[in-house]
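One structure is given here, and the rest of the page talks about it.
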Amino acid sequence: MSQPGENHQLALDRFLSEHPALAAELNTLNPLAAQAKGETMEQYRAERLHEAFEAEAEQQGLFAWELTLKLTAHSPADFEAQRLEVHKEVAQMAGLSWFEYCQLHDLPV
């Protein structure tokens, strides 16, 4: 199984391939904007990419980690299974019952 960072990078790559206008925009960022933030172009580009990724996740009603799973899962059923597994782990770590957690995050019980 691949590491979480590897899955996230794969998801970012797929996200960019599905959004060519964003890829083009990221390739033409102003170096002066990066310099003004005290970042390298690579850092500045990565930050803009992550912002776009998080905005896409929010638009879909997902957390960014859920969009990562969605873009790297082998099938929609695989995505749902992985998603629920992670949500159950988070609920357990938070000390919430599954019912409470589902209500909090609008998940089916």
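No hydrogens, no waters, no symmetry mates; every other heavy atom, side chains included, goes into these values.
A search for salt bridge (charged side-chain N to carboxylate O under 4.0 Å, His left out) contacts involving Glu66 returns Arg83, not counting sequence neighbours. With sequence neighbours excluded, no residue satisfies salt bridge (charged side-chain N to carboxylate O under 4.0 Å, His left out) with Glu18. Residues forming a side chain to side chain contact (heavy atoms under 4.5 Å, CB included) with Lys88 (at least two apart in sequence, or on another chain): Trp98. For the salt bridge (charged side-chain N to carboxylate O under 4.0 Å, His left out) test, residues two or more places apart in sequence or in another chain that qualify with Arg48 are Glu51. The side chain to side chain contact (heavy atoms under 4.5 Å, CB included) search around Glu58 returns none, not counting sequence neighbours. Residues that satisfy the side chain to side chain contact (heavy atoms under 4.5 Å, CB included) test with Asp78, not counting sequence neighbours, are Ala73, His74, Ser75, Gln82. Evaluation of the side chain to side chain contact (heavy atoms under 4.5 Å, CB included) rule for Leu16 yields Leu22, Ala23, Leu26, Arg45, Leu49 as partners, not counting sequence neighbours.
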Quiz: residues 28-35 side-chain donor-acceptor pairs under 3.5 angstrom, not counting sequence neighbours:
unit_1: Thr28; atom_1: OG1; unit_2: Ala24; atom_2: O; d: 3.2
unit_1: Thr28; atom_1: OG1; unit_2: Glu25; atom_2: O; d: 3.2
unit_1: Asn30; atom_1: OD1; unit_2: Leu32; atom_2: N; d: 2.8

So Leu67 and Glu54, side-chain contact (heavy atoms from CB on, under 4.5 Å) or not? Walk me through it.
CA-CA 8 Å; Leu67 183 56; Glu54 289 177 12; over 6 Å; no
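Applying the ring pair (Phe, Tyr, Trp, His ring centres under 6.0 Å) definition to pairs two or more places apart or across chains, those involving residues 11-31 are Phe15-His19, Phe15-Phe53. Among residues at least two apart or in separate chains, salt bridge (charged side-chain N to carboxylate O under 4.0 Å, His left out) pairs with a member in residues 29-44 are Lys37-Glu47. Within the structure, the side-chain hydrogen bond (donor to acceptor under 3.5 Å, both in side chains) test picks out the following pairs touching residues 99-109 (sequence neighbours left out): His87-Tyr101, Ser97-Glu100.
With hydrogens and angles disregarded, no donor-acceptor distance shorter than 3.5 Å links the side chain of Gln60 to the backbone of Ala57.
Across all non-hydrogen atoms, the minimal contact from Pro20 to Ser17 is CD-O, 4.1 Å.
Neither Leu10 nor Leu69 shares a network with the other; the hydrophobic side chains, linked directly or stepwise wherever heavy atoms of I, L, V, M, F, W or Y lie under 4.5 Å apart, form separate groups for each.
In the hydrophobic clustering, Val109 connects to Phe99, either directly or through intervening members, whenever side-chain heavy atoms lie under 4.5 Å apart.
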